[in-house]
There are 4 protein chains.
Amino acid sequence: MPRPPSAKPLIENAALRLFVEKGVAGTSIRDVAAAAGVSEGALYRHFDSKDALVWALFAGSFAAFARRLDALQAAAHGTRAKLAAMIGGVLGFYDAEPLLFRFLLFVQHRQLEKVTPDMPNPIDTIRNVVRAGIAAGDIPPTDPELATAMAVGLVLQPATFAAYGRIEGPLLPHAPRIATAAWQALTASSGENRK
Amino acid sequence: MPRPPSAKPLIENAALRLFVEKGVAGTSIRDVAAAAGVSEGALYRHFDSKDALVWALFAGSFAAFARRLDALQAAAHGTRAKLAAMIGGVLGFYDAEPLLFRFLLFVQHRQLEKVTPDMPNPIDTIRNVVRAGIAAGDIPPTDPELATAMAVGLVLQPATFAAYGRIEGPLLPHAPRIATAAWQALTASSGENRK
Amino acid sequence: MPRPPSAKPLIENAALRLFVEKGVAGTSIRDVAAAAGVSEGALYRHFDSKDALVWALFAGSFAAFARRLDALQAAAHGTRAKLAAMIGGVLGFYDAEPLLFRFLLFVQHRQLEKVTPDMPNPIDTIRNVVRAGIAAGDIPPTDPELATAMAVGLVLQPATFAAYGRIEGPLLPHAPRIATAAWQALTASSGENRK
Amino acid sequence: MPRPPSAKPLIENAALRLFVEKGVAGTSIRDVAAAAGVSEGALYRHFDSKDALVWALFAGSFAAFARRLDALQAAAHGTRAKLAAMIGGVLGFYDAEPLLFRFLLFVQHRQLEKVTPDMPNPIDTIRNVVRAGIAAGDIPPTDPELATAMAVGLVLQPATFAAYGRIEGPLLPHAPRIATAAWQALTASSGENRK
DNA sequence: GATGAATGAGAATTCATTCAT
DNA sequence: GATGAATGAATTCTCATTCAT
């Protein structure tokens, strides 16, 4: 009976950390192997290539995050509560797994091209809630993509600020503030409330 | 007065395009030189290194963008108008120079570390307006960093969506909608407006 | 009496096929093990090294082929009949075991260096018949090595053509034609038959 | 004005020698670079890859050799003279460029697959002469591919023997003997001359 | 005995940068 | 000034072989 694979999680953890610290391009396979305490060759038993390693890390977390958001919105009732639940989910994810979150955030650009439409996608999850909210009349008629973008930006940018050190401490305490802001942003009509 | 070297803008344009298309790491000096119609050696007459080229592209546009935003806010009166002016500035910049905007957006991560506090910085410009708005009582007391993050996200994420093709067409028409949303988001207090 | 290990022939067949298809250098031990349905480690129970596997395949067939040719010539009477018998043996071998034949043909270069003078050698077998034919006066005096080379080329090149797909169908039907040609070639004197 | 390329012939010579001595697979780019006295990287300025280097060496000589044979047969009159001329051409080529000849001979297997029908091909040249000879009635009706194979084998196998050291000295003196043998072989009918 | 994870020594290739011409 | 050949270090990846389980 062969040795069970024990190196894989070591590699994943080391890669995640290095990719966030130095960027994917700035991290060599040698760096990852050394940090994981395995040989370079061993890495290729678990991942076909460096790209495959990056993608495995990305796709796994990306989909898991999407499923988590979807569960949160499904458990909540009403558009506003669903949005608030998802916002809390995003912020809570940042607090719980800052490394993973920053990896998703900073690595997204090159990886998003490879995301297929059938993969669970957190952005789509949020968009679906926004769309349903518009259909239900909870959100005034508006471009759902723009509304989604605004909602996403409202919660992702604070996380980005936190990743850059502009915001300190856990993000979850800001959830009510952000949720309220998002609700205001989405339900505001273009001309309303101008003095 | 000698003719200024005409190769430099060629190199900058070629580099910008390639960096956005293939990423900085995925673009070699050879690629840039070939696309610019210049020899590899000639490139080093204009830029000390590849990093210097990236940085020149980034820092120049970043600071110019910051100055533009600052001019826009200075010309407007009142916190709300200043914010709206800056939002229009961001969206208009995207429409006018999508390549440059996407370069700043996607390349920011590694470059922001090199930004020194004395450089004009668009984020700081926005934060200053937010802070002043709070001080003036136009925005209810709140964490200025968080408020800045939300305002930035509200406008940057639509641009990101546009860069990914999720939103089509020019962004400037969305300026009033986003400005209103931003104002609502910033002036909402955490508990307000709940049913 | 223990059951002989059944893996060895599986490995040999798989290796033979892959070596012919992709070349020895282009075939990894992993490829062979996978094709044979055996683990990489198990392969080393049967063969000391990759080189040893190649050599075992080569040397075994090479010597067996030599013995076969020798038996054929021994059973025939007269130089011409002996040559014809060996030519039929070569062509029949190609028809019966095309994979093995092609392996010997294409792999020969690097392996022939390792062939020791005491190993049964098909070329030597043919040369001995040629020499004896010259000594017996059946073949006019001539350089025996050159005569051997011509006889070998006359039968090996059609097999090579067959291996490359230039000649289709079984080769054995061509045996009389080739045998006649070989006899004519060997018995021709340099100046004879010129117009 | 840049340095003219001087390294290319150095690389080609070194590669040719090493490929013949140690085989293509047994020769590393590092070996070639060292033997050529250039850096590994420099090699890639002249050849896109190791495969491209091998192919350049092969295809160039292969086609040149074909053109040479074609010129020789074109200058000769009558099927027999054309064949004799080509046989002399092959043997003379071996004597003049033994390294190149052995390279073509031993490396052919993997490279012939890449030969396209529009490339000048020595085998085709010989086959065309054989075909024309049959059509002209100089050679009795026979399978032209088989006849070509025999003619080719008759001259290539002596060269192979020479490459292996079985035949010593220049090959060209054997030309008349081989030419006569070839003519006898091709003009013999299957049943003729049997006692 | 068998397994396949791990090793470690290369292999091919790329590329920013330098510099002779 | 410009060119592009050359460098040399680093990178990704492969693979024969070993060995703990």
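Bear in mind the structure is a predicted one, so any value in this text is a computation, not a measurement. The figures here come from the full heavy-atom set of this structure, side chains too, leaving out hydrogens, waters and symmetry mates. Each chain gets a letter, A, B and so on, in the order the sequences are listed, and its residues count up from 1.
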Can you check the Asp48(C) CG to dA16(F) P distance for me, whole Å?
15 Å
May I ask you to check whether Phe65(D) and Phe58(D) place their ring centers less than 6.0 Å from one another?
no
With a non-hydrogen cut-off below 4.0 angstrom, is Ser39(D) in contact with a base, only sugar-phosphate, or nothing?
base
Starting from P on dT11(F), measure out to CG on Asp51(A) and report it in whole angstrom.
16 Å
Do the side-chain N or O atoms of Arg45(C) get closer than 4.0 angstrom to the phosphate oxygens (OP1, OP2) of dG1(E)?
no
Rounded to whole Å, please give me the gap between NZ in Lys50(D) and C1' in dT14(F).
13 Å
The nucleotide from dC15(F), dT17(F), dT3(E) with an atom nearest the side chain of Ser28(C) is dC15(F)
Taking the six-membered ring for Trp, are Phe106(C) and Tyr164(C) ring centroids under 6.0 Å apart?
yes
Would you kindly compare Ala25(C) and Ala42(D) by the position of their nearest DNA chain F nucleotide and give the one closer to the 5′ end?
Ala42(D)
Using whole Å, what does the distance between atom P of nucleotide dT21(F) and atom CD of Glu40(C) come to?
19 Å
Check whether any side-chain nitrogen or oxygen of Arg30(C) sits under 4.0 Å from OP1 or OP2 of dA16(F), and answer yes or no.
no
Whom does dT21(E) pair with, Watson-Crick or G-U wobble, provided both distances fall under 3.5 Å?
dA2(F)
What contact category does Ile29(A) fall into here, base, sugar-phosphate, or nothing, at under 4.0 angstrom with non-hydrogen atoms?
sugar-phosphate
When the nearest nucleotide of DNA chain E is assigned to Val24(D) and to Gly41(A) on a heavy-atom basis, which residue is associated with the more 5' position?
Gly41(A)
Name the nucleic acid region contacted by Val38(D), choosing base, sugar-phosphate or nothing; use a 4.0 angstrom heavy-atom cut-off, strictly under.
sugar-phosphate
Using the rule given for side chain to side chain contact (heavy atoms under 4.5 Å, CB included), can you reason through Asp51(C) versus Trp55(C), listing the C-alpha separation, both sets of side-chain angles and the distance that settles it, and then say yes or no?
CA-CA 6 Å; Asp51(C) 278 356; Trp55(C) 176 246; over 6 Å; no
Please check: side-chain N/O of Thr27(C) versus main-chain N/O of Lys22(C), any donor-acceptor pairing under 3.5 Å?
no
With both distances under 3.5 angstrom, what nucleotide forms a Watson-Crick or G-U wobble pair with dT13(E)?
dA10(F)
Could you tell me the separation between the CG atom of Leu43(A) and the P atom of dG4(E), rounded to a whole number of Å?
20 Å
Rounded to whole Å, please give me the gap between CZ in Phe47(B) and P in dA16(E).
15 Å
Does Lys8(A) make a cation-pi contact with Phe47(A), if we ask for NZ or CZ under 6.0 Å from the ring centre and within 45° of the axis?
yes
Per nearest nucleotide of DNA chain F, the residue lying toward the 5' end, Thr27(A) or Gly37(B), is Gly37(B)
To the nearest Å, how far apart are Leu53(C) CG and dT17(F) C1'?
14 Å
What's the OH-P distance between Tyr44(B) and dA5(F), to the nearest Å?
16 Å
